[in-house]
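Here, residue 1 is the first one in the sequence, and each next residue gets the next number.
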Amino acid sequence: MINLFIKTDFQYKWLQKLHDKAATFKSKSAQIDELAMFPKENIQDLVNMGYTSLSLPKAYGGEGITVYDMILFQETLASFDATTGLSIGWNLGAVGELFEKKLWKDENLSFFAGEVQNGALVNRSVSEAQTGSPTRGGQPGTTAVKKAGAWVITGRKTFTTMSPVLTYFLVSAWIEEKQKVGFFLLHKDLEGLTIDETWDVISMRGTGSHDLVLQNVKVDDTKLVELPETPSGGPINGWILHIPACYLGIAQAARDYAVHFAKSHSPNSLNGPISQLPNVQQLLGEIDLELMKSRHFLYSVAEAYDDKARRVHLTNELGAAKHIVTNSAITIVDKAMRIVGAKSLQRTNPLQRYYRDVRAGLHNPPMDDATIKRLAMSAIEQDQANFSHHVPSK
């Protein structure tokens, strides 16, 4: 099904490289989940392949992949191992956004490009227990105070995905003297920076999304790399589509398992496999319909984002893509489990892992309720604008 979306030799080449790792990554998934173990070897494999620097522009020594390229690769990777896919997606997305929007000064971008080329990994660290997701607009409790010419940063961040291997943390902090939220680039070896291993969940167990603890971490002025005008960062960011791409990959893996099971499972009450049963065929057809719907929507939104002339017309499509794909992924895994039956609940069966992992998508930004509200408000505002436009002046 995904072959329909391959458009270039470059995409084909990288999909082949990822498929070369498929057996290795799949073989570790159960253990990663069972032990809540971060997939360090998988991530290192991706670093060695050059995968982690793909979203660097060519001018900075990368491959300059598009958002469309990224979701194609990320969906494929997540179908092999969800933890690896979601984890590295944050790095690709953070780098892609930084350089596309030129969020930093040129010297900072040039320095950081060299770091990424040498295998450095980065993620934004923004969520906090008191504020929840920054997309809700809460002011961070983490503070940055100027003392003796240095910034002193104190606070605790939650959901710091990939924390066991991150080289840099892009940390949001409230700067009282500027009355703004700023972002600081913090190296993992800074004094006062520690990881509190708090991640103990039933979904995406191996992502190492622990707490980042900052106790009087001192950095110079050059490490204050961003002072966005709005807390959410301003213009829309297509690189967040790595999130739905991951859950689409999990859904594809669940679908493939269910199809294989239906074709090979032959109870003695039948003269052949259960794939001949109308109710099983109904579920399989519904699964593929959900996959088609999700994939066509996601990839068309990515394509529109990559086209600068069309990007200006995007309003709520990024949030809608995440909503549609993550909810479809949950539906797909549920239907796959209905086909497989009680065996799908065995701990040795990958479907129970897919079932738990896809639910994590509901709690990645943007949240469903926020997406729906934005769609409603846009419709109301558009109608108001249309009405105002047609009201004749006196």
Side-chain angles (χ1 to χ4, degrees), residues 38 87 90-91 93-95 97-99 101-116 118-200 207-234 237 239 365:
F38 186 79
S87 295
W90 289 107
N91 173 81
V95 172
E97 182 195 17
L98 283 177
F99 285 86
K101 296 182 180 177
K102 296 217 180 310
L103 294 177
W104 302 355
K105 293 177 181 175
D106 285 344
E107 57 265 35
N108 286 339
L109 287 174
S110 296
F111 159 77
F112 196 63
E115 294 289 279
V116 174
N118 290 325
L121 297 169
V122 66
N123 193 5
R124 287 189 182 271
S125 194
V126 287
S127 294
E128 296 183 1
Q130 296 304 311
T131 60
S133 170
T135 58
R136 299 287 191 190
Q139 180 180 307
T142 300
T143 59
V145 180
K146 203 70 168 287
K147 289 182 183 174
W151 290 106
V152 180
I153 304 161
T154 301
R156 176 183 281 259
K157 298 293 187 179
T158 56
F159 304 129
T160 310
T161 299
M162 225 173 23
S163 63
V165 296
L166 286 176
T167 318
Y168 288 99
F169 301 82
L170 195 47
V171 174
S172 61
W174 176 251
I175 305 172
E176 187 68 31
E177 68 177 62
K178 296 181 184 290
Q179 287 293 296
K180 271 188 175 183
V181 175
F183 281 87
F184 292 83
L185 185 65
L186 305 182
H187 191 275
K188 65 183 177 68
D189 294 334
L190 284 168
E191 189 176 341
L193 187 156
T194 55
I195 303 297
D196 186 6
E197 297 190 358
T198 52
W199 190 241
D200 184 17
T207 57
S209 303
H210 302 304
D211 285 9
L212 171 67
V213 181
L214 306 163
Q215 294 179 301
N216 298 319
V217 176
K218 290 183 183 178
V219 290
D220 64 35
D221 225 15
T222 62
K223 297 302 182 284
L224 173 55
V225 287
E226 288 173 46
L227 270 174
E229 289 303 313
T230 56
S232 61
N237 173 24
W239 297 93

Quiz item: Does anything in residues 180-189 pair up under side-chain hydrogen bond (donor to acceptor under 3.5 Å, both in side chains), and if so which pairs, sequence neighbours excluded?
Solution: Lys180-Glu229
Quiz item: If you draw a 6.0 Å radius around CZ in Phe184, do more than 12 non-hydrogen atoms from other residues or ligands fall strictly inside?
Solution: yes
Quiz item: Mind checking what makes salt bridge (Lys or Arg N to Asp or Glu O under 4.0 Å) contact with Lys105, not counting sequence neighbours?
Solution: none
Exercise. Using the side chain to side chain contact (heavy atoms under 4.5 Å, CB included) rule, take Thr142 and Thr154 through it: C-alpha gap first, then chi angles, then the decisive distance, then the call.
Key: CA-CA 6 Å; Thr142 300; Thr154 301; over 6 Å; no
Quiz prompt | Working for side chain to side chain contact (heavy atoms under 4.5 Å, CB included), residues Ile153 and Val219 | solution = CA-CA 8 Å; Ile153 304 161; Val219 290; 3.9 Å; yes
Exercise. Would you give the length of the straight line joining atom CG of Leu98 to atom CG of Asn237, rounded to the nearest 0.5 angstrom?
Key: 9.5 Å
Exercise. Report yes if some heavy atom in the side chain of Leu214 is under 4.5 Å from a heavy atom in the side chain of Leu186; otherwise report no.
Key: yes
Quiz item: Are Phe99 and Val95 close enough that some pair of their side-chain heavy atoms sits under 4.5 Å apart?
Solution: yes
Quiz item: Between the main-chain N or O of Asn91 and the side-chain N or O of Asn123, is there a donor-acceptor pair closer than 3.5 Å?
Solution: no
Exercise. Any pair with a residue in residues 207-228 that passes salt bridge (charged side-chain N to carboxylate O under 4.0 Å, His left out), sequence neighbours left out, goes on the list, sorted by first then second residue, please.
Key: Arg124-Glu226, Lys146-Asp221, Arg156-Asp211
Practice problem: For Ile195 and His210, work out which heavy atoms get closest and say how close. | Solution: CG2-CB, 3.6 Å
Distance-only donor-acceptor pairs under 3.5 Å for side chains of residues 166-175, two or more places apart:
unit_1 : atom_1 : unit_2 : atom_2 : d
Thr167 : OG1    : Leu121 : N      : 2.9
Tyr168 : OH     : Glu115 : OE1    : 2.6
Ser172 : OG     : Lys157 : NZ     : 2.9
Trp174 : NE1    : Glu176 : OE1    : 2.9

Exercise. Taking Ser127 for its side chain and Thr158 for its backbone only, find out whether a donor-acceptor pair lies under 3.5 Å.
Key: no
Exercise. Considering non-hydrogen atoms only, spot the tightest contact between Gly182 and Leu224 and give its length.
Key: CA-CD1, 4.1 Å
Self-check item: side chain to side chain contact (heavy atoms under 4.5 Å, CB included) between Trp104 and Leu185, intermediate numbers included
Solution: CA-CA 11 Å; Trp104 302 355; Leu185 185 65; 3.9 Å; yes
Quiz item: In Å, rounded to the nearest 0.5 Å, how long is the span from OG1 of Thr160 to CG of Asp196?
Solution: 10.5 Å
Quiz prompt | side-chain hydrogen bond (donor to acceptor under 3.5 Å, both in side chains) partners of Thr143, counting only residues at least two apart | solution = none
Exercise. Indicate yes or no: at least one non-hydrogen side-chain atom of Ser163 is less than 4.5 angstrom from one of Phe38.
Key: no
Self-check item: Set of residues satisfying side-chain contact (heavy atoms from CB on, under 4.5 Å) with respect to Asn118, sequence neighbours excluded
Solution: none
Quiz item: Would one find more than 12 heavy atoms of other residues, nucleotides or ligands at under 6.0 Å from atom CD of Glu177?
Solution: yes
Practice problem: Mind checking side-chain hydrogen bond (donor to acceptor under 3.5 Å, both in side chains) for Trp90 and listing every partner two or more places apart, or none if nothing turns up? | Solution: none
Practice problem: Could I get the full list of side-chain hydrogen bond (donor to acceptor under 3.5 Å, both in side chains) partners for Thr207, not counting sequence neighbours? | Solution: Trp199, Ser209
